[in-house]
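Sequence positions, counted from 1, serve as the residue numbers for this chain. Values below: all heavy atoms of this structure, side chains included; hydrogens, waters and symmetry mates excluded.
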Amino acid sequence: MITEQQQLGTPFGAHRTADDVLTGIDLRGTTALVTGGYSGLGLATARALARAGAHVVVPARRPDLAEDALRDVPQAEVHALDLADLDSVRVFSERWLETGRTLGILVNGAGVMACPETRVGPGWEAHFAINHLGHFALTQRLRPAFAPGGARVVAVASSGHFLSGIRWEDIHFRTGYDRWLAYAQSKTANALFALHLDHLGSDHGLRAFAVHPGSILTPLQRHIPREEWLAQGWITEDGSPADGFKTPEQGAATAVWAATSPLLNGCGGAYCQDCDVAEPATTDDMLVGGVKPWARDPEAASRLWDLSCELTGLSAF
């Protein structure tokens with residue numbers, strides 16, 4: 001059953017860290033795959049899971065940089081993967097399946113934000129292709145590896161979804177590219193992906209969640225000029241993060257909580273923030289957060305799933 005969007009009342013909150021939510025949780029014997037696990041939120045996520053005992057696999061478009069970033073994490077291994085290239089996803093997944101390893105946690109955290117108009121694959125818009133379709137294909141191909149006793153998939157979404165639902169008439173921005181709407185659509189897609197994946201996988205012990213990590217300044221914002229950070233109110237005049245922003249370790253907490261918390265046993269499909277299930281959004285304030293109805297629409301989730309199967313040629317569920 002899909003979990004209702006209603007807070008559970010966890011002992012955590014907006015400013016707890018990934019290590020805080022993992023206190024008392026033993027992940028020895030669990031393999032976790034974290035895309036984007038060598039920078040920003042992903043790196044904080046990978047390190048925390050490893051400290052709790054998990055063996056962490058980090059697929060990376062730039063394996064050399066990933067190796068450097070994870071040098072102090074002995075339980076981590078790095079492999080090449082480019083989410084913009086479905087052949088790369090296929091090769092990575094085939095090699096994984098050849099090992100016979102099971103996968104207990106998949107955190108789909110890699111992504112791009114507000115980048116210049118970019119086309120990948122057969123002309124797909126880059127935000128939708130990388131943030132959504134690449135992860136969709138990876139999850140599809142790794143289906144045989146998910147631990148039969150129960151596995152969790154976490155899609156890292158964002159309150160950026162407030163700005164746009166799925167643009168069914170022009171998903172790939174063939175006309176009128178807008179970098180923020182492109183990012184927003186991809187984050188709505190992440191939430192809808194988790195919703196429908198949970199619908200399809202729950203009978204087989206596979207549960208999925210979407211998470212909003214909060215507002216954090218990381219390399220994800222590399223395409224956004226510094227003056228825009230100031231104009232948006234993300235930083236103060238002296239360059240410090242504005243009130244309401246989190247550290248990467250605090251931002252990683254909700255993904256780690258969704259991936260491991262026993263409070264979510266038997267639950268799935270929810271959109272989470274601040275280490276709890278989020279409430280429906282009642283304002284347009286992204287710092288307040290919550291989830292908009294278009295990111296919780298089961299019909300839209302099913303439609304997006306079918307379209308993603310068509311675009312990628314994959315339908316493992």
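Judged by the 6.0 Å and 45° rule, R303 forms a cation-pi pair with W168. Judged by the 6.0 Å distance and 45° axis criteria, R167 is positioned over the aromatic ring of F173.
Looking only at distances, no side-chain donor or acceptor of T17 sits under 3.5 Å from a matching main-chain atom of Q250. Of the possible donor and acceptor atoms, none in the side chain of T102 sits under 3.5 Å from a partner among the backbone N and O of A147. Listed for the T254 side chain is a donor-acceptor partner under 3.5 Å among the backbone atoms of C275. At distances below 3.5 Å, not a single donor-acceptor pair connects side-chain atoms of W96 with backbone N or O atoms of L142. The backbone N or O of D19 lies less than 3.5 Å from a partner atom in the side chain of T23, making a donor-acceptor pair. Formation of a donor-acceptor pair under 3.5 Å by the Q75 side chain with backbone atoms of A50 is found in this model. Side-chain atoms of E4 do not come within 3.5 Å of backbone N or O of Q6 as any donor-acceptor pair. In terms of modelled atom types and a separation under 3.5 Å, the side chain of E249 and the main chain of T45 share no donor-acceptor contact. A distance-only check finds a donor-acceptor pair linking the side chain of R207 to the backbone of G266 [under 3.5 Å]. Under a 3.5 Å cut-off, the side chain of D198 and the backbone N or O of A208 do form a donor-acceptor pair.
Between L33 and P59 there is a side-chain heavy-atom pair separated by less than 4.5 Å. Side chains of L43 and L70 form a contact here, defined as non-hydrogen atoms less than 4.5 Å apart. Counting only heavy atoms from C-beta outward, the side chains of N131 and K187 approach each other to under 4.5 Å. Proximity of R119 to W124: side-chain heavy atoms (C-beta onward) are nowhere separated by under 4.5 Å. Taking 4.5 Å as the limit, every side-chain heavy atom of V73 sits out of range of all side-chain heavy atoms of V56. No side-chain heavy atom of S164 sits under 4.5 Å from any side-chain heavy atom of T188. Between L197 and T139, the closest side-chain pair of non-hydrogen atoms falls below 4.5 Å. Between R61 and L83, the closest side-chain pair of non-hydrogen atoms is not below 4.5 Å.
A distance of 10.0 Å separates CG of D297 from OG of S302, quoted to the nearest 0.5 Å. A distance of 5.0 Å separates CG of L8 from CH2 of W257, quoted to the nearest 0.5 Å. To the nearest 0.5 Å, atoms CZ (F128) and CD1 (I171) are separated by 4.5 Å. Within the model, atoms CG of L86 and OG1 of T312 stand 7.0 Å from one another, a figure rounded to the nearest 0.5 Å. Taking NE2 of H172 as the reference point, atom CG of L311 lies at 5.0 Å (rounded to 0.5 Å). The structure places OG of S315 at 8.5 Å from CH2 of W305, a figure rounded to the nearest 0.5 Å.
Residue L263 is grouped with residue V21 when hydrophobic side chains (ILVMFWY) are merged at heavy-atom distances under 4.5 angstrom, including chains of intermediate members. A single hydrophobic cluster is seen to contain both L200 and V153, as judged by linkage of ILVMFWY side chains at heavy-atom distances under 4.5 Å, directly or through other members. Note: the hydrophobic cluster containing F146 does not contain I105 (ILVMFWY, side chain heavy atoms under 4.5 Å, direct or indirect links). The cluster map of Ile, Leu, Val, Met, Phe, Trp and Tyr, joined by side-chain heavy atoms under 4.5 Å apart, puts V154 and L138 in different clusters. Note on L97: it does not cluster hydrophobically with V91, by side-chain heavy-atom contacts below 4.5 Å among ILVMFWY residues.
Checked for salt-bridge contact, R174 and E117 miss the test: no charged N lies under 4.0 Å from a carboxylate O. Salt bridge annotation for E67-R71: absent, with no cationic side-chain nitrogen under 4.0 angstrom from a carboxylate oxygen.
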Item checked: Working for side chain to side chain contact (heavy atoms under 4.5 Å, CB included), residues N190 and V156 -> CA-CA 7 Å; N190 293 154; V156 179; over 6 Å; no
Checklist line | CA sep, side-chain torsions, deciding dist, call: C309, F317, side chain to side chain contact (heavy atoms under 4.5 Å, CB included) | finding: CA-CA 10 Å; C309 289; F317 289 85; over 6 Å; no
Checklist line | Pair L106-R152, side chain to side chain contact (heavy atoms under 4.5 Å, CB included): steps then yes or no | finding: CA-CA 6 Å; L106 171 57; R152 292 189 190 178; over 6 Å; no
Next item on the list: In sequence, state the C-alpha distance, the side-chain angles, and the governing distance for E77 and R101, and then conclude on salt bridge (Lys or Arg N to Asp or Glu O under 4.0 Å).
Entry: CA-CA 14 Å; E77 62 179 89; R101 290 194 295 183; 2.9 Å; yes
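Residues R296 and Q5 have side chains that bring a donor and an acceptor to within less than 3.5 angstrom of each other. A donor and an acceptor atom, one from each side chain of H161 and Q185, are nowhere located under 3.5 Å apart. When only modelled atom types and interatomic distance are considered, H135 and T35 share a side-chain donor-acceptor pair under 3.5 Å.
Here the rule is side chain to side chain donor-acceptor pair (under 3.5 Å) with D274, and of Q7, H212, K246 only K246 fits it.
Residue I166 comes nearest to L304 through the heavy atom pair CD1-CD2, 4.4 Å, listed as atom of the first residue, atom of the second, then distance. The two residues L41 and A252 come nearest to each other via the heavy atoms CD2-N, 3.5 Å. Of all the heavy atoms in L49 and L27, the pair that sits closest is CD2-CD1, 3.7 Å. H127 and Y177 make their closest contact through CE1-OH, 3.2 Å (heavy atoms, listed as atom of the first residue, atom of the second, distance). For S186 against Y183, the heavy-atom pair with the smallest separation is OG-O, 2.7 Å. A pairwise comparison of heavy atoms in F209 and C267 identifies CZ-O, 3.5 Å as the closest pair.
With a 6.0 Å radius and a threshold of 12 heavy atoms from other residues, nucleotides or ligands, E169 has its CD atom above the threshold.
Between H132 and F193, the angle of the ring planes goes over 60°, which puts this pair in the perpendicular group of the 30/60° scheme.
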